[in-house]
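Please read the structure below before turning to the comments.
Start at 1 with the first residue, then count along the sequence. Side chains are part of it too, since the values below use all heavy atoms of this structure and drop only hydrogens, waters and symmetry mates.
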Amino acid sequence: LNVEQQVERPQLQIRPKREMLAKYGIPLPEFSRFIEVALGFKFLSVADQTYHWGLLDREIYLAVWIVTFSLLGLYLLGKIKFAHDSDTPYLGVGRLALAIVTFSFVVYLIPGMWGAPLKGLSGYLPPLHTQDFVIGKEAQAPSGTEARMLLTVEGQKPKHSDFLHLPHGLEGFFDLKEAEAYAAKVGKPLFIDFTGHGCVNCREMEARVWADPQVLDILRNDYVIVALYSDDKKVLPESDWVTTDAGKVLKSLGKINSYYALKTYGVNAQPYYVLQGRNGKQLVPPRGYDLNIDNFVGFLKSGVEAYNAQK
């Protein structure tokens, strides 16, 4: 049983057409260099999240992208030149069009510096909770009893909640046993979210589906949420280590979660959502990546109905 390959990450290759770029007076190496710098920070961001370095917060990431694509736009307009660039006596229509697209993209990014969700890029940006300043964040915070921190059955903070977070202000767990005990105490079904820091589809689901008011209401009020990250590199205390059937000792949080998903449900891909009832019983067939909000709402409601039918 191999749990090393936890998340499928497609290899991204940039292959602009040399002839088309040359037609507009754009050298291929310089054009690709701007794009590679921007995308390079995407992979650095994944490493930053999995190892919890805390180096590349969302606003820093966006600032780098804004500067990089602004420079690309200036380059396309001929305001910046490299050593091997030839003089461009006039600006062609194609090059102007690319510059307009580039600067339009920069304008789209700028509101993200103040906490705009930027749903079109949600899968490629660090989570919103890594951003220090978000306009309206205080106003959106729950009040009264809902503002109290979620505690385990033993009255402790949930494990790993100091470095892992749920989106949209949701509260939950990051350890399955703690979540199961709490769900049994409060009499609610368990929403198990198999996810990953480097999972683009997971971030899209959270930004496009979870953000829907109806979905958020059901998750917040009708379920106990547990997020199991399959690529987290945090090394756990020895008491939490898991030994596989093959005798291999798993020490990191991500490998342990990935092994559980593979052994229990036969899956090694994210996102994967499981609705669990009493005594660990699966309520309805699990679901994966699906951006249809109505389908997801129906999935959640069917889980609640199946849970109530267990009584």
For Glu238, the side-chain contact (heavy atoms from CB on, under 4.5 Å) test, sequence neighbours excluded, returns Trp241
Sort and list the pairs that fulfil salt bridge (Lys or Arg N to Asp or Glu O under 4.0 Å) and have at least one residue in residues 201-219, not counting sequence neighbours.
Arg203-Glu206, Glu204-Arg208
Please list, chain by chain and in numerical order, all residues satisfying side-chain contact (heavy atoms from CB on, under 4.5 Å) with Lys301, sequence neighbours excluded.
Gln214, Ile218, Val297
Sequence neighbours excluded, which residues qualify as ring-ring contact (aromatic ring centres under 6.0 Å, His included) partners of Phe163?
His52, His160
For Phe296 and Tyr273, take the angle between the two ring planes, folded into 0 to 90°, and tell me which bin it lands in: parallel under 30, tilted 30 to 60, perpendicular over 60.
perpendicular
Side chains of residues 62-72: which donor-acceptor partners sit under 3.5 Å, not counting sequence neighbours?
residue, atom, partner, partner atom, Å
Trp65, NE1, Ala38, O, 2.8
Thr68, OG1, Val64, O, 2.7
Ser70, OG, Ile66, O, 2.6

Rounded distance (nearest 0.5 Å) linking atom CG of Asp175 with atom CG of Asp240:
7.0 Å
Does the side chain of Leu166 reach to within under 4.5 Å of the side chain of Phe173, using non-hydrogen atoms?
no
Determine whether a donor-acceptor pair (N or O, by modelled atom type, separation under 3.5 Å) exists between the side chain of Thr264 and the backbone of Ala261.
no
Taking ring-ring contact (aromatic ring centres under 6.0 Å, His included) as the definition, give me every residue that meets it alongside His168, ordered by chain and number, with sequence neighbours left out.
none
Quick one: side chains of residues 104-121, donor-acceptor pairs under 3.5 Å with protein atoms, not counting sequence neighbours, listed by atom name and distance.
residue, atom, partner, partner atom, Å
Ser104, OG, Ile100, O, 2.7
Tyr108, OH, Gly120, N, 3.2

Give the C-alpha distance, both sets of side-chain angles, the deciding distance and a yes or no for side-chain contact (heavy atoms from CB on, under 4.5 Å) between Met205 and Leu291.
CA-CA 6 Å; Met205 284 290 296; Leu291 296 179; 3.9 Å; yes
Using the test side-chain contact (heavy atoms from CB on, under 4.5 Å), find all partners of Tyr272 that sit at least two apart in sequence or belong to another chain.
Phe194, Tyr265, Val267, Val274, Pro286
Exceeds 12 heavy-atom contacts within 6.0 angstrom, atom CG of Asn279
no
Kindly write out the residues that satisfy side chain to side chain donor-acceptor pair (under 3.5 Å) with Lys81, not counting sequence neighbours, or none if the list is empty.
Asp87
side-chain contact (heavy atoms from CB on, under 4.5 Å) evaluation trace for Asp245 with Lys263
CA-CA 10 Å; Asp245 296 335; Lys263 183 177 180 180; 3.5 Å; yes
Distance in Å, Ile256 CD1 paired with Thr244 OG1, rounded so as to fall on 0.5 Å steps
11.5 Å
For Val226 and Ala179, which heavy atoms make the closest approach, and how far apart are they?
CB-CB, 3.6 Å
Measure across Gln270 and Gly196 and return the closest heavy-atom pair with its distance rounded to 0.1 Å.
CG-N, 4.4 Å
Of all heavy-atom pairs linking Thr195 and Ala227, the shortest is CG2-CB, 4.4 Å
Just by modelled atom types, is the Tyr307 backbone N or O under 3.5 Å from a matching donor or acceptor in the Arg278 side chain?
yes
Distance col, row Ile60:CD1 vs Asp132:CG, nearest 0.5 angstrom, shows 8.0 Å
Given the rule that I, L, V, M, F, W and Y join up when any side-chain heavy atoms are under 4.5 Å apart, are Val101 and Val37 in one cluster?
no
Once you round to the nearest 0.5 Å, how far does OH of Tyr75 lie from CZ of Arg33?
8.5 Å
Tyr61 side chain to Tyr124 main-chain N or O, any donor-acceptor pair under 3.5 Å?
yes
Taking side-chain contact (heavy atoms from CB on, under 4.5 Å) as the test, write out the residues that go with Tyr51, two or more places apart.
Trp53, Lys233
Provide the closest heavy-atom pair for Leu77 versus Leu96 in the form atom of the first, atom of the second, distance.
CD2-CD1, 4.3 Å
Donor-acceptor pair, Thr50 side chain versus Val46 backbone, under 3.5 Å?
yes
Which side-chain N or O atoms in residues 182-190 pair as donor and acceptor under 3.5 Å with protein atoms at least two apart or in another chain?
residue, atom, partner, partner atom, Å
Lys188, NZ, Asn221, O, 2.9

Do any pairs count as a salt bridge (Lys or Arg N to Asp or Glu O under 4.0 Å) and have a residue in residues 37-60, sequence neighbours left out, and if so which ones?
none
Given Trp210 and Asp193, is the side-chain contact (heavy atoms from CB on, under 4.5 Å) satisfied, shown in steps?
CA-CA 12 Å; Trp210 289 36; Asp193 172 26; 3.5 Å; yes
Run the side-chain hydrogen bond (donor to acceptor under 3.5 Å, both in side chains) check on Glu180 and Gln276 step by step: do they pass?
CA-CA 9 Å; Glu180 288 177 334; Gln276 180 177 301; 2.9 Å; yes
Within the supplied structure, the quantity of interest is the number of heavy atoms (other residues, nucleotides, ligands) at a distance under 6.0 Å from Tyr289 OH; does it exceed 12?
yes
Between Thr102 and Leu98 (side chain of the first, backbone of the second, donor and acceptor by atom type, cut-off under 3.5 Å), is there such a pair?
yes
For the side chain of Asp231 and the backbone of Gly198, is there at least one donor-acceptor N/O pair under 3.5 Å apart?
yes
Minimal non-hydrogen separation, Val284 against Ser302, with atom names:
CG1-OG, 3.7 Å
Give a yes or no answer on whether the side chain of Tyr223 reaches the backbone of Leu300 with a donor-acceptor pair at less than 3.5 Å.
yes
Nearest heavy-atom approach of Leu283 to Gln310 is CD2-NE2, 3.5 Å
Within the structure provided, determine whether Arg287 and Asn295 are in side-chain contact (heavy-atom separation under 4.5 Å).
yes
To the nearest 0.5 Å, tell me how far Gln156 CD sits from Leu151 CG.
8.0 Å
side-chain contact (heavy atoms from CB on, under 4.5 Å) between Phe174 and Leu228: does it pass, once the steps are laid out?
CA-CA 6 Å; Phe174 307 96; Leu228 303 180; 5.9 Å; no
As an exercise, state the distance from CG of Leu164 to CD of Gln49, rounded to the nearest 0.5 Å.
10.5 Å
